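Notes follow the structure.
Please read these numbers as outputs of a predicted model, since none were measured by experiment. The sequence lines fix the lettering, A, B, ..., with proteins before strands; numbering per chain opens at 1.
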Amino acid sequence: MSEQGESDPEAGAPTPAATDRDRSEAITELAKRRGFFFGASGAYGGVAGFYTYGPQGASLKDNLESAWRDRFTVRQGNYEIEAPTVMPEAVFEASGHLDGFDDMLVECPECGTSHRADHLIEDATDIEDAEALPIPEVEELLREHDVRCPTCDAPLSDEPVEEFNLMFETSIGPGSGQAGYLRPETAQGIFVEFPRLKEYARNQLPFGVTQIGPAYRNEISPRKGLIRVREFTQAELEQFIDPETDEPPLEEVEDVEVTLYSAEAQADDDGEAYTTTVGEAVEDGTIGSPWVGYYLGVAQGWYERVGVDPDRFRYRQHLPGELAHYAADCWDAESEVDGDWIEITGFAYRGDYDLSKHADHSGESFTVFKQYDEPRTVERPTVDPDMATLGPEFGGAAGDVAEALETLAERDPDAFDAEEVTVEVDGEEHAVATDTANFSVEEVTENGEHVTPHVVEPSFGIDRIVYTLIDHAYETDTVDDEERTYLALDPELAPTHAAVFPLVSNDDRLLEVADGVVSDLRDAGLSVTYDDSGSIGRRYRRQDEVGTPFCVTVDRDGVEGDGEPTVTLRDRDTTAQVRLPASALAETLASLRAGETAFDAVSEAYERVD
RNA sequence: GCGCCGUUGGUCCAGUGGUAGGACAUUAGCUUCCCAAGCUAAUAGCCCGGGUUCAAUUCCCGGACGGCGCACCA
């Protein structure tokens with residue numbers, strides 16, 4: 001992915017890289033100092049890849065999850081579940097996570113290439129299943145056979161062999177109980193429960209199941225703060241569809257503008273991301289799956305709603321080599337942070353891969369029975385072999401012969417026109433009298449069929465989106481010749497909805513009114529903070545830094561009039577203020593938060609303060 | 001996992017073979033009627049383990065954590 005986000009080495013000072021670095025450091029510092037996020041378990045030296053969200057961050061993340069739930073669960077009419085984070089080994093045998101990740105790797109000291117140690121042993125010896133050997137033995141074999149790096153021929157005999165499986169293993173129950181793994185994606189918790197979930201959906205396709213929760217990957221090298229971590233939160237939707245008949249309501253999103261970075265554009269040296277509409281991109285085949293196109297459109301609106309900067313956002317198509325073997329088409333949503341493009345969501349058409357795998361491994365049914373409008377009568381060639389004849393004639397092979405006859409009847413019914421038919425079992429040909437096979441063509445009534453649904457999966461990385469929101473909201477400006485840092489978070493997402501200040505703390509009237517305002521607003525369900533410490537400007541700055549969109553200040557003018565108390569309401573981004581009755585606050589703030597009103601409208605309705 | 005660099009109050013930094021200093025922040029009191037910088041005081045720190053030394057925050061080794069590059073990221 002070297003084509004992504006690299007800075008131009010020939011750019012003049014200050015280089016974009018340096019600027020991005022400074023900005024990234026400033027954001028990390030703010031996140032630590034103000035309680036958005038920080039490395040976990042610091043008292044014990046910390047552990048890479050694990051982060052604690054502080055008070056501001058936990059609230060921001062919670063608000064983001066609520067916004068996701070609102071859009072992808074509630075508004076889509078989907079079902080949300082909560083599955084365990086630990087699941088037994090069999091689940092991951094079926095999903096392919098176990099095999100795919102249990103590699104013994106040895107790294108070449110000269111050229112740095114990693115090789116499968118078990119494969120090298122298999123090549124150098126006549127051992128067939130080296131993967132089953134314990135690591136010390138593999139290391140010993142590397143020494144014995146003086147194995148060398150296939151790439152550069154450097155000796156690997158003294159190199160350590162590492163086992164890399166990205167799943168965290170644990171044991172369930174006491175002693176050497178059952179092996180379990182922390183889920184590497186929330187999706188498996190949905191797939192595994194499909195047989196029951198389809199009952200809740202009353203066996204009707206399409207339906208969607210969502211889950212928000214933690215997933216775990218034992219990353220080799222966690223990096224870049226929240227971007228590469230070992231425990232993270234996913235919000236996933238598994239949309240189950242009938243591949244034959246279900247089509248997305250594309251008309252809802254066909255006019256949504258999206259920035260696409262197609263596989264074709266990526267392959268082309270001059271290729272660039274370009275803007276189009278969902279409808280056009282599906283129409284011209286750039287987006288291969290209408291269902292994927294539909295969710296790209298839905299998600300676009302959601303990203304904008306929660307505060308992702310559309311100018312630093314794009315959909316990137318997976319290159320042919322990147323595609324999982326079961327995926328027909330896959331797009332990533334990417335945001336630009338610190339000069340890099342990072343994947344924040346994957347949109348994949350997974351076909352029936354997952355459900356089929358679980359059906360094979362579990363023996364359960366992962367299908368939906370689709371009833372026809374009218375029962376269908378079909379002619380079905382069948383055999384009913386006379387086992388009393390076949391048994392004595394073929395002995396132990398009789399069962400296989402009967403089975404072969406059934407297969408032949410389905411495949412080539414005309415063969416039974418002859419006096420006898422010949423079937424092959426284990427390479428041996430057996431002739432059977434047609435009479436013995438009891439061939440007939442029956443009329444069968446079929447009321448429907450079992451369909452293995454296909455899956456469309458939008459999979460969101462919540463932590464990366466949280467980081468994106470902070471990065472895209474981070475602004476500096478100048479107010480009264482003082483530099484100011486603020487987070488222009490959307491009011492819906494901001495950790496604190498409003499802060500309430502008495503302008504000065506030596507006037508009991510102001511304190512009383514401020515107390516009352518705080519109670520009112522909290523009763524109205526708003527998250528409110530109170531602060532009477534330090535100069536008013538300092539208190540505004542504190543709130544600016546954590547992205548509180550509105551500050552309420554109680555001043556003497558507001559309590560000395562004849563009528564009810566008035567207060568001033570300050571807008572974070574512009575620092576503009578209006579004066580309004582304290583009694584109107586709760587409704588006004590709720591409306592501002594919901595996005596039903598803009599501050600400008602409030603500003604026009606009331607008296608501006610300069 | 002490899003290489004280079006780093007780790008000192010909450011944050012950002014300075015500094016020293018004899019256990020440390022600033023700025024900002026925080027707290028208390030005073031002051032204070034609208035945008036971080038008034039006054040006084042207080043709280044608070046040398047990443048962890050081992051070694052060398054009379055003495056280690058400082059030097060050496062190892063580890064953890066962080067940044068960058070490489071590898072990895074189903």
Side-chain angles (χ1 to χ4, degrees), chain A residues 1-2 17-18 21 24-26 28-35 38-50 54 92 95-103 105-115 159-167 184-185 217-225 227-230 322-327 338 342-343 346 477-486 501-507 509-510 532-545 551-560 567-570 572 574-577 579 609-610:
Chain A
M1 309 209 179
S2 58
R21 185 91 53 81
S24 156
E25 281 172 6
T28 304
E29 189 267 327
L30 186 147
K32 240 191 287 188
R33 186 163 45 80
R34 287 298 187 196
F38 51 89
S41 306
Y44 292 93
V47 51
F50 293 92
F92 301 109
S95 70
H97 287 96
L98 200 56
D99 277 351
F101 282 137
D102 208 19
D103 297 346
L105 294 188
V106 60
E107 186 175 322
C108 173
E110 295 296 326
C111 68
T113 317
S114 283
H115 303 282
E159 296 308 308
V161 173
E162 306 284 346
E163 189 159 286
F164 283 163
N165 188 310
L166 288 187
M167 285 196 294
E185 58 176 10
R217 296 179 193 184
N218 201 0
E219 294 286 350
I220 297 163
S221 176
R223 283 285 168 86
K224 295 199 179 251
I227 306 303
R228 277 276 293 284
V229 289
R230 292 187 166 126
E322 265 180 288
L323 286 173
H325 59 279
Y326 52 81
D338 307 333
I342 59 167
E343 176 191 347
D477 66 0
T478 304
V479 175
D480 292 351
D481 293 331
E482 296 287 348
E483 188 167 306
R484 174 176 81 127
T485 299
Y486 65 103
F501 312 139
L503 184 56
V504 290
S505 53
N506 60 353
D507 186 330
R509 293 174 302 173
L510 304 191
D532 63 6
S533 156
S535 76
I536 189 68
R538 174 173 302 196
R539 284 177 271 166
Y540 285 144
R541 293 297 196 275
R542 280 186 192 131
Q543 296 307 318
D544 288 342
E545 268 201 330
C551 290
V552 175
T553 303
V554 184
D555 62 0
R556 228 172 260 155
D557 290 348
V559 299
E560 283 178 343
V567 297
T568 64
L569 183 66
R570 168 189 181 267
R572 174 196 60 208
T574 60
T575 75
Q577 286 181 286
R579 179 175 296 281
V609 180
D610 293 313

If I take atom [atom1] in residue [X] and atom [atom2] in nucleotide [N], what distance separates them, rounded to the nearest angstrom?
X: A:Asp481; N: B:A36; atom1: CG; atom2: P; result: 10 Å
X: A:Tyr540; N: B:C35; atom1: OH; atom2: P; result: 8 Å
X: A:His97; N: B:C73; atom1: NE2; atom2: C1'; result: 13 Å

Considering only atom [atom1], compute the distance from [N] to [M] and round it to an integer number of Å.
N: B:C48; M: B:G29; atom1: C1'; value: 40 Å
N: B:A42; M: B:A25; atom1: C1'; value: 14 Å
N: B:U8; M: B:A14; atom1: C1'; value: 9 Å
N: B:G49; M: B:A56; atom1: C1'; value: 14 Å
N: B:G22; M: B:G15; atom1: P; value: 15 Å
N: B:G3; M: B:A71; atom1: P; value: 16 Å
N: B:U43; M: B:A20; atom1: P; value: 15 Å
N: B:C12; M: B:A64; atom1: C1'; value: 23 Å

Close side-chain approach of A:Val229 and A:Glu219, heavy atoms under 4.5 Å
no
Mind checking whether A:Arg570 and A:Gln543 have side chains closer than 4.5 Å, heavy atoms only?
no
Checking only heavy atoms, does the side chain of [X] share a donor-acceptor pair with the base of [N] at less than 3.5 Å?
X: A:Arg570; N: B:C35; answer: yes
X: A:Thr568; N: B:C34; answer: yes
X: A:Asp555; N: B:C34; answer: yes
X: A:Gln577; N: B:C34; answer: yes

Between A:Ser24 and A:Asp544, which is nearer to the 5' end of RNA chain B once each is assigned its nearest nucleotide?
A:Asp544
Of A:Arg217 and A:Glu545, the one whose closest RNA chain B nucleotide lies more 5':
A:Glu545
Kindly point out which of B:G1, B:C34, B:C35 is positioned nearest to the side chain of A:Arg541?
B:C35
Between [X] and [Y], which heavy-atom pair has the shortest distance, and what is it?
X: A:Phe92; Y: A:Pro184; result: CE2-CD, 3.4 Å
X: A:Pro222; Y: A:Gly49; result: CB-CA, 3.6 Å
X: A:Glu483; Y: A:Arg541; result: O-NE, 4.3 Å
X: A:Gln577; Y: A:Thr568; result: NE2-OG1, 3.2 Å
X: A:Asn218; Y: A:Arg230; result: OD1-NE, 3.3 Å

Does the [X] side chain pair with the main chain of [Y], one donor and one acceptor, at a distance under 3.5 Å?
X: A:Arg484; Y: A:Asp477; value: no
X: A:Ser41; Y: A:Tyr44; value: no
X: A:Arg539; Y: A:Gly534; value: yes

Letter by letter from the 5' end, nucleotides 60-67 of chain B scores (B base, S sugar-phosphate only, - none; protein heavy atoms under 4.0 Å) ----SSSS
Drop me the distance from A:Asp338's CG to A:Glu25's CD, to the nearest 0.5 angstrom.
10.0 Å
Start with the C-alpha distance between A:Asp557 and A:Arg579, add both sets of side-chain angles, then the distance that settles side chain to side chain contact (heavy atoms under 4.5 Å, CB included), and finish with yes or no.
CA-CA 10 Å; A:Asp557 290 348; A:Arg579 179 175 296 281; 3.7 Å; yes
Quick test: give all pairs of protein nitrogen or oxygen and nucleotides 10-12 of chain B nitrogen or oxygen below 3.5 Å, distance rounded to 0.1 Å.
from: B:U11; atom 1: O2'; to: A:Glu29; atom 2: OE2; distance (Å): 2.3

Polar atom pairs (N or O), protein with nucleotides 26-32 of chain B, under 3.5 Å:
from: B:U26; atom 1: OP1; to: A:Arg542; atom 2: NE; distance (Å): 2.6
from: B:U26; atom 1: OP1; to: A:Arg542; atom 2: NH2; distance (Å): 2.3
from: B:U26; atom 1: OP2; to: A:Arg538; atom 2: NH1; distance (Å): 3.2
from: B:U32; atom 1: O4; to: A:Ser505; atom 2: OG; distance (Å): 2.8

Stem regions touching RNA chain B, defined by at least 3 consecutive Watson-Crick or wobble G-U pairs below 3.5 angstrom:
B:1-7 with B:64-70, B:10-13 with B:21-24, B:26-30 with B:38-42, B:47-51 with B:59-63
At under 4.0 Å between heavy atoms, what does A:Arg228 touch on the DNA or RNA strands: base, sugar-phosphate, or nothing?
base
Within the 4.0 Å heavy-atom criterion, would you say A:Asp507 contacts the bases, only the backbone, or no part of the nucleic acid?
base
Could you list the residues that satisfy side chain to side chain donor-acceptor pair (under 3.5 Å) with A:Arg572, not counting sequence neighbours?
none
Which one of A:Val559, A:Thr553, A:Val554, A:Leu510 satisfies the side-chain contact (heavy atoms from CB on, under 4.5 Å) criterion with A:Val567?
A:Val554
Which residues pass the ring-ring contact (aromatic ring centres under 6.0 Å, His included) test with A:Tyr540, not counting sequence neighbours?
A:Phe501
